[in-house]
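Note that the numbering runs from 1 along the sequence shown for the chain. Atoms within a ligand are numbered from 1 in the order they appear, just like the ligands themselves.
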Amino acid sequence: LLASVAIVTLTAGGAFAQTVGFSQIGSESGWRAAETTVTRQQAEERGYDLRFSDAQQRQENQIAALRSFIAQDVDAILIAPVVATGWDAVLREAQEAEIPVVLLDRQVDSSDDLYLTAVGSDLVHEGAVAGEWLVTAVDGKECRVVELQGTTGSSPAIDRKTGFEQAIASHSNVSIVRSQTGDFTRSGGKTVMESFLQAEGGGANICAVYAHNDDMALGAIQAIREAGLKPGTDILVVSIDGVPDIFLALAAGEANATVELTPNMAGPAFDALKAFWDNGTVPPKFIQTESRLYTQKDNPQAEYEGRKGLGY
Ligand code: GZL
């Protein structure tokens with residue numbers, strides 16, 4: 001009996017194929033919550049022991065989490081870096097500990113020899129898709145745009161702005177007249193949109209709001225409604241992520257377009273890590289996920305039904 005108990009204990013103790021530390025930014029948006037859910041599911045399916053840390057959107061907490069994972073000698077580290085700068089030292093410590101690091105959904109300014117690979121979308125392209133949609137929608141008419149930026153210094157805030165501006169650059173009828181960070185949150189989007197409305201004739205001078213994510217767009221929609229205007233009609237609403245609630249807003253005619261971002265960054269990350277652990281395969285430095293545009297014409301109610309419950 002004792003021998004069999006020992007065997008069971010050993011087997012149970014060895015049940016986890018690998019231990020992975022995950023430094024997550026926080027839960028600032030529905031998309032971020034979904035990414036966390038999917039990462040946990042992906043780890044579970046693979047039998048990995050996922051050590052999870054929520055940084056409450058503070059870089060110092062992410063750096064502390066990485067140092068803790070290094071001290072635990074985990075087999076790999078996943079990190080969604082809240083901002084693009086300030087990672088060299090801790091990434092070098094992980095490299096010296098021979099722990100592979102994979103970036104999820106955001107990029108860093110550090111040299112790419114300091115991480116195994118980065119899984120994410122082409123953030124500049126997402127901004128360009130949003131800009132191109134608006135240019136087409138206004139069809140030559142003047143359009144004064146207000147912009148709700150993501151977290152200051154984050155790669156999505158920088159790149160989505162760049163892409164949108166590139167797309168509207170050759171259309172002088174479309175221009176960004178105000179731009180401010182709403183920190184990727186609904187409350188941030190609502191508060192900043194309220195200030196834009198006040199500054200722009202109660203909204204009479206605003207043709208469209210471009211939000212770097214759906215959560216800020218949903219906050220802006222609320223502010224537009226409370227100002228007595230019709231979101232999606234008086235003021236066009238274009239954003240990025242494809243969270244379930246933006247599909248409800250599309251179905252209600254209160255939003256006009258979103259660029260979908262998959263929350264499944266962990267799947268490709270774990271696949272790359274398995275090849276690296278098993279065969280030493282070095283993946284490309286960027287594993288790109290696809291994104292696509294959805295508008296009111298794309299059966300948003302059905303898209304909502306298909307997405308709710310995916311952990312958003
Ligand atoms: C983009 C990702 C962004 C999402 C936001 O890749 O980093 O962070 O678009 C989230 O919803 O806050």
Side-chain angles (χ1 to χ4, degrees), residues 22-39 54-59 61-62 78-85 87 102-109 115 117-131 147-164 181-190 192 209-221 237-247 249 255 257-269 286-294 307 310-312:
F22 177 23
S23 171
Q24 178 58 298
I25 289 173
S27 52
E28 74 283 357
S29 70
W31 183 89
R32 180 75 47 202
E35 183 187 54
T36 295
T37 301
V38 171
T39 303
D54 177 327
Q56 310 286 319
Q57 284 188 272
R58 298 167 65 90
Q59 181 175 30
N61 291 345
Q62 291 199 284
L78 303 181
I79 177 169
V82 60
V83 293
T85 55
W87 302 101
V102 177
L103 309 183
L104 299 188
D105 76 77
R106 294 189 186 179
Q107 297 284 357
V108 298
D109 288 355
Y115 53 87
T117 187
V119 179
S121 64
D122 178 340
L123 297 161
V124 173
H125 175 68
E126 291 174 333
V129 169
E147 179 183 30
L148 297 170
Q149 294 185 36
T151 300
T152 302
S154 67
S155 64
I158 294 163
D159 292 352
R160 286 172 177 170
K161 182 172 191 45
T162 301
F164 187 90
T181 184
D183 212 15
F184 282 131
T185 66
R186 283 198 192 202
S187 58
K190 182 171 189 284
V192 175
V209 51
Y210 165 50
H212 291 184
N213 81 334
D214 293 342
D215 283 63
M216 292 190 290
L218 291 161
I221 285 168
V237 181
V238 54
S239 59
I240 301 169
D241 275 354
V243 300
D245 284 352
I246 205 67
F247 287 99
T258 187
V259 183
E260 182 189 38
L261 173 74
T262 175
N264 183 10
M265 303 288 176
F286 182 48
I287 299 173
Q288 184 176 325
T289 60
E290 294 313 309
S291 46
R292 68 155 274 193
L293 179 73
Y294 285 90
R307 282 169 173 74
L310 285 186
Y312 285 94

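- With hydrogens left out, the protein atom closest to atom 12 (O) of ligand 1 is E28 OE2, 2.5 Å, a heavy atom.
- A side-chain contact (heavy atoms from CB on, under 4.5 Å) with T152 is found for exactly one of I158, T181, D183, namely T181.
- Within ligand 1, counting atoms from 1 as listed, the ones closer than 4.0 Å to a heavy atom of P156 are 7 (O).
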Residue pair E260, R292: steps toward the salt bridge (charged side-chain N to carboxylate O under 4.0 Å, His left out) verdict | CA-CA 5 Å; E260 182 189 38; R292 68 155 274 193; 5.6 Å; no
Residues R307, V243; criterion side chain to side chain contact (heavy atoms under 4.5 Å, CB included); working and verdict = CA-CA 8 Å; R307 282 169 173 74; V243 300; over 6 Å; no
Between I246 and S239, is a side chain to side chain contact (heavy atoms under 4.5 Å, CB included) present by the stated rule, with each step listed?
-> CA-CA 9 Å; I246 205 67; S239 59; 3.9 Å; yes
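- Less than 4.0 angstrom separates some heavy atom of S29 from each of these atoms of ligand 1: 5 (C), 10 (C), 11 (O), 12 (O).
- The atoms of ligand 1 that sit less than 4.0 Å from any heavy atom of W31 are 11 (O).
- Counting only heavy atoms of the protein, atom 6 (O) of ligand 1 lies nearest to D105 O, 2.7 Å.
- In terms of modelled atom types and a separation under 3.5 Å, the side chain of N213 and the main chain of M216 share a donor-acceptor contact.
- By the 4.0 Å heavy-atom criterion, I25 is excluded from the residues contacting ligand 1.
- D214 contributes atom CG, which lies 9.0 Å from atom OH of Y312 (distance to the nearest 0.5 angstrom).
- Under the side chain to side chain donor-acceptor pair (under 3.5 Å) test applied with Q24, the options D54, T36, T39 reduce to a single match, T36.
- Scanning the protein heavy atoms around atom 1 (C) of ligand 1, the nearest turns out to be R160 NH2, 3.3 Å.
- Note on ligand 1: L261 sits in its first shell, one or more heavy atoms being nearer than 4.0 Å.
- If you look at L123 next to ligand 1, the close heavy atoms, those under 4.0 Å, all belong to the side chain.
- In D241, the part holding a heavy atom less than 4.0 Å from any atom of ligand 1 is the side chain.
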